[in-house]
Amino acid sequence: MSVQTSALSTAVVVCIAANTFIAVADFAKAGFVMKNSAAVHTPAAALPYLGALKLAGAAGLVVGLAAVPWLGVAAGVGLTLFFVGAVAAHVRARVFHNIAFPGVYLLLALASAAHMTDAALGA
């Protein structure tokens with residue numbers, strides 16, 4: 001296993017853990033989640049749906065790693081699009097003090113999509 005493959009595999013595992021954590025925080029309507037969603041003008045009623053999308057992405061990556069790489073590709077691409085939207089919401093609302101958080105999630109999603117694509121293609 002190359003260093004690049006090892007790093008991408010680690011990124012997938014971190015992406016799964018990070019998205020599971022933030023999905024649970026969304027479902028629990030944690031204080032930091034409520035504060036951030038208000039700052040970027042996301043209705044609190046949307047949080048369970050956003051959490052479900054993050055959790056579905058994490059679950060898709062797990063299944064992709066375990067058995068169905070193409071499902072992992074779809075999950076990685078879905079999470080990438082989700083976090084492009086999150087970064088865009090921060091930019092639109094001019095909330096830059098914590099834009100690094102969705103930015104890091106976006107990078108993890110991109111790395112996951114890349115790794116799962118390599119796995120699906122047998123590279």
Side-chain angles (χ1 to χ4, degrees):
M1 179 184 291
S2 72
V3 172
Q4 178 182 356
T5 302
S6 178
L8 289 175
S9 296
T10 301
V12 175
V13 173
V14 172
C15 187
I16 292 166
N19 278 284
T20 301
F21 166 78
I22 199 65
V24 170
D26 286 350
F27 293 133
K29 295 189 178 176
F32 73 95
V33 171
M34 298 302 290
K35 183 177 178 182
N36 185 61
S37 64
V40 297
H41 313 295
T42 301
L47 290 176
Y49 301 106
L50 299 176
L53 290 171
K54 295 170 196 171
L55 199 55
L61 289 174
V62 169
V63 174
L65 283 176
V68 187
W70 283 109
L71 183 58
V73 173
V77 169
L79 286 170
T80 297
L81 293 172
F82 182 95
F83 288 108
V84 164
V87 169
H90 278 254
V91 171
R92 183 194 74 231
R94 296 184 178 358
V95 176
F96 301 113
H97 68 277
N98 63 356
I99 198 168
F101 289 102
V104 169
Y105 278 84
L106 174 58
L107 292 175
L108 288 169
L110 283 167
S112 296
H115 178 67
M116 295 311 306
T117 300
D118 283 349
L121 295 174

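Predicted, not measured: the structure shown is a model, and the values here were computed from it.
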- Task: Check Leu108 against Ala18 and note the closest heavy-atom contact, atom names and distance.
- Result: CD1-CB, 4.4 Å
- Message: What's the separation between atom CG in Leu50 and atom CZ in Phe82, rounded to the nearest 0.5 Å?
- Response: 4.5 Å
- Note on the structure: When every non-hydrogen atom of Lys54 is compared with those of Ala23, the smallest separation belongs to CB-CB, 4.1 Å
- Item | Heavy-atom side-chain proximity of Leu61 to Asn19 below 4.5 angstrom | no
- So if you build clusters from Ile, Leu, Val, Met, Phe, Trp, Tyr with side-chain heavy-atom gaps below 4.5 Å, do Val77 and Val62 land together? yes
- Task: Find the distance between CG (Leu81) and CG (Leu53) and round it off to the nearest 0.5 Å.
- Result: 11.0 Å
- Task: Please tell me if the side chains of Ile16 and Phe21 come closer than 4.5 Å, counting only heavy atoms from C-beta onward.
- Result: no
- Message: I need the minimum non-hydrogen distance between Ala75 and Gly57, along with the two atoms involved.
- Response: CB-O, 3.4 Å
- With the 4.5 Å side-chain cut-off for hydrophobic clustering, are Leu55 and Val12 part of the same group? no
- Rounded to the nearest 0.5 angstrom, the CG-CE distance for Leu71 and Met116 is 8.0 Å
- Query: How many angstroms lie between atom CZ of Phe83 and atom CG of Leu110, to the nearest 0.5 angstrom?
  - Reply: 11.0 Å
- Message: Would you say Phe27 ends up clustered with Phe101 if hydrophobic residues are merged whenever their side chains have heavy atoms under 4.5 Å apart, either directly or through other cluster members?
- Response: no
- Message: I'd like to know if Phe32 and Met34 are part of one continuous hydrophobic network [Ile/Leu/Val/Met/Phe/Trp/Tyr, side-chain heavy atoms within less than 4.5 Å].
- Response: yes
- His41 and Arg92: which non-hydrogen atoms are nearest, and at how many Å? CB-NH2, 4.1 Å
- Treating Ile, Leu, Val, Met, Phe, Trp and Tyr as nodes and any side-chain heavy-atom pair under 4.5 angstrom as an edge, say whether Val24 and Leu79 lie in one connected cluster. no
- Task: Indicate the atoms forming the closest heavy-atom contact of Val91 with Phe96, along with that distance.
- Result: CA-CE2, 3.9 Å
- Message: Measuring from atom NE2 of His97 to atom CG of Asn36, what distance do you get when rounded to the nearest 0.5 angstrom?
- Response: 7.0 Å
- Item | Heavy-atom closest contact (Thr20 atom, Ala58 atom, distance) | OG1-CB, 3.6 Å
